Amino acid sequence: MRMSKLFFQTLREAPADAEIASHQLMLRAALVHPIAAGIFDYLPLGHRVKHKIEQIMREEMDAIGGQEVTLPIVHPAELWERSGRWSAIGDDMARLKDRNGRDYCLGMTHEEIMAELAQTVVSSYRQLPFVLYQIQTKFRDEPRPRAGTIRTREFTMKDAYSFDRDQAGLDAFYPRIYQAYFDIFRRCGLEVVAVESDTGMMGGSMAHEFMALTPVGEDTLLICDACGYSANRQIATFRKPAPPVAAPAPLAEVYTPNITTIATLADYLGIAQSETAKAVFMIAEISAENGAPREQFVFAVVRGDMEVNETKLANAVKARRLRPATTEEIRAVGAEPGYGSPVGIARAKVLLVVDDLVAATPNLVAGANRVDYHLRNVNSGRDYTPDLVADIVAAADGYACPKCGAALRSVRGVEVGNIFKLGTMYSEAMGATFLDENGQSKPIVMGSYGIGSGRMMACIIEHHHDELGIRWPITVAPYQVIIVDLGTEKTPEVTAVAERIYNDLRALGVEVLLDDRDERAGVKFNDADLLGIPLRLTVGGKGVKSGALELKLRRNGEVREIPLAQAAPAIQEIIEAEFALIRATLKPEPLA
RNA sequence: CGGGGAGUAGCGCAGUCCGGCAGCGCACAGCGUUUGGGACGCUGGGGUCGUAGGUUCGAAUCCUAUCUCCCCGACCA
């Protein structure tokens, strides 16, 4: 491609509303163009990168037996009503009506459509298993798009779905897609960690998220450097300290004027925060077996030095969602904000959930449900009886690893992919069943597996850039080589050499960009750096005279001399070596 | 949805307090000089000042409403 013909315009300054590096660089390098919050055009350079990433996904999915399909973006409401998600999902789903007033939505994901397809096509166990995938636009009306293409409303996703006759089949496939995902990310030059993730109310049995570690990430992960344990903070567990052993002491009220926080309480009484219990009030929306969901007041108790993990709490009480209770709601159950305690509340009105550590710890200080008073020596079982004892505490930096006990490290990451053992929830809802050898009708066991390509592109840039611009891995770069032609009207022989090498490279199938613009050297070098083309060949008077051209690697700044006469094959060889470096990063990733 | 910030040319910004010809830099077009790390000179094109009302002789500027975008949080199949 000649840069004089390329549709692009680099920016010297990034638009003011772009804050993170990848967003700024994607705009400055003319990869994307925003047209609304979380909605982007992909320009020729960005499109090429996105397409390469998707091609790698395609190859790896095909390699594990995936078959590519294209499902629609606009879905009839009826399919989503069958799974219950038409009403379960709120404003994140964009809905529309056709001319006849029928309801449709824009696809946020395709479990329903895939299951419907399986329902239609599959009737026998002989047709199973199989894997379908597509690379398709999704739309989720996110409340807050952010960070360029990391969180958008419209995005492209590679979503795959597996269909097995039983759980064993799914269990056998799962490690294969787990490995394929690592291979996809590594081929794109993106190092990720896989963490266990929440299966939530989807009814699945196992799920992993593939996280690109970066400070701009929106998820918090806990990682054990000693044994490799890693999990999303939403579900991360940890080894709780052993509770002290002591005989229950008599309950005693203590005057604590204006003490409403754990920190001031511990200070005031001269005790550790770990010797207190903290009450957290939530309202859970719980699906009833039949009929409308109901609201349930949830009274959660954790040790004072720990935080409630809302995901764990929601899972423990089987809530669809949780929200903080209002002051009025808290008083209505006999509790007092700031002085909350499980002792003496209107037990009939609340679901009392107590963290297992609190339940096992004697003589904690808790509120008295009365302004300015707390209680000493509160003991679970004696002073109150929990409805539920469960682990509802959020793991945090430095807590003990649940597997080996070493200190966990908390890091930020962006979820670039996820894999999920769905089970039979969707196949049952959509009637996707098959007959087994015995003529028994059974639901197909499904899994779903997604990767966002635009998000991945941004993460690759987050990992591969410097102050000058992007440093694309060779596998996903929009072009592999850029030739900087420094010839002028007075040195047509220089331009002639650049043109010759350009044609030689194209003939070899190399993806090459020729900077034939009437620009000064500095502009061309700076644009080459900004665009991040892995190899830069400079063709100028010096090189043409000496017969040795300068080839510079963008990823590390290394400069090599290559013979003018054999430039194209020499460059092709270097490109091959760059690919080999990426291939060398691939390795087995057994599922722990 | 709560909190904060911002809308003036493709991008970065000034002008707004205190109403009086819509500006600067980059980018873009033409000419000339230049030519191995973002050249210089001259000339030029491009803006309903987010939108709609209002006040005023006169509104980018004051008032009211509204829309959009960004950041933090909540939320996130």
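Below, read A as the first sequence line, B as the second, and so on, with proteins coming before strands; counting in each chain starts at 1. Just so it is clear, the structure is predicted and the values come from calculations on it, not from any experiment.
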Which of L535(A), I533(A), I470(A), L468(A) passes side chain to side chain contact (heavy atoms under 4.5 Å, CB included) with R554(A)? Answer is L468(A)

Between C24(B) and C18(B), how far apart are the C1' atoms? Round to whole Å, please. 22 Å

Using a 4.0 Å heavy-atom cut-off across all strands, classify A88(A) as base, sugar-phosphate, or nothing. nothing

Side chain of P143(A) (C-beta onward), nearest among G36(B), C75(B), C71(B): C75(B)

Distance between C1' atoms of G15(B) and G53(B) (Å, rounded): 25 Å

Rounded interatomic separation in angstrom, taking CG from L27(A) and C1' from G10(B): 12 Å

Determine the Euclidean distance between corresponding C1' atoms of U16(B) and U61(B); express it in Å to zero decimal places. 4 Å

Could you walk me through whether F210(A) and Y178(A) pass the ring-ring contact (aromatic ring centres under 6.0 Å, His included) check? CA-CA 9 Å; F210(A) 292 80; Y178(A) 183 84; 5.8 Å; yes

Does any nucleotide pair with C17(B) by Watson-Crick or G-U wobble geometry, both distances under 3.5 Å, and what is it? none

The correct set of residues in residues 37-46 of chain A placing a heavy atom under 4.0 Å from RNA chain B is A37(A)

Base, sugar-phosphate, or nothing: which does G543(A) touch, judged by heavy atoms less than 4.0 Å apart? base

Does the base of C70(B) carry an N or O that pairs as donor and acceptor with the side chain of R146(A) under 3.5 Å? no

Would you classify A147(A) as touching base, sugar-phosphate or nothing, given that sugar-phosphate means primed atoms plus P, OP1 and OP2, and contacts are heavy atoms under 4.0 Å? sugar-phosphate

Strictly by Watson-Crick or wobble contacts shorter than 3.5 Å, is anything paired with C31(B), and which nucleotide is it? G41(B)

With sequence neighbours left out, what residues match R500(A) under salt bridge (Lys or Arg N to Asp or Glu O under 4.0 Å)? D504(A)

Determine the interatomic distance between P on C62(B) and the same-named atom on G19(B); round to the nearest Å. 9 Å

K524(A) with D485(A): basic N within carboxylate O range, under 4.0 Å: no

D219(A) vs R153(A), nearer the 5' end of RNA chain B by closest nucleotide: R153(A)

Between A18(A) and E489(A), just flag the one whose closest nucleotide in RNA chain B comes earlier from the 5' side. E489(A)

For F525(A), check ring-ring contact (aromatic ring centres under 6.0 Å, His included) against everything at least two apart and list the hits. none

Examine the side chains of H110(A) and Q134(A) and answer whether a donor and an acceptor come within less than 3.5 Å of each other. yes

In Watson-Crick or G-U wobble terms, with both distances under 3.5 Å, the base opposite A52(B) is U64(B)

Polar pairs (N or O, both sides) under 3.5 Å between protein and nucleotides 5-7 of chain B?
none

Span that lies between the P atom of G23(B) and that of G46(B), in whole angstrom: 13 Å

Could you tell me whether E310(A) contacts a base, only the sugar-phosphate backbone, or nothing, with contacts defined as non-hydrogen atoms closer than 4.0 Å? sugar-phosphate

Distance between the P atoms of G12(B) and C75(B), in whole angstroms? 32 Å

Any Y449(A) side-chain heavy atom under 4.5 Å of F420(A) side chain: no

How far does the P atom of U8(B) sit from the matching atom of A14(B), given to the nearest Å? 11 Å

Options C28(B), G36(B), G12(B), nucleotide nearest the side-chain atoms of A16(A): G12(B)

Counting primed atoms plus P, OP1 and OP2 as sugar-phosphate and everything else as base, spell out the protein contacts along nucleotides 37-45 of chain B at 4.0 Å heavy-atom distance: B, S or - for each nucleotide, 5' to 3'. BBB------

List in chain and number order the residues that pass side chain to side chain donor-acceptor pair (under 3.5 Å) with Q296(A), two or more places apart in sequence or in another chain; answer none if no residue qualifies. R294(A)

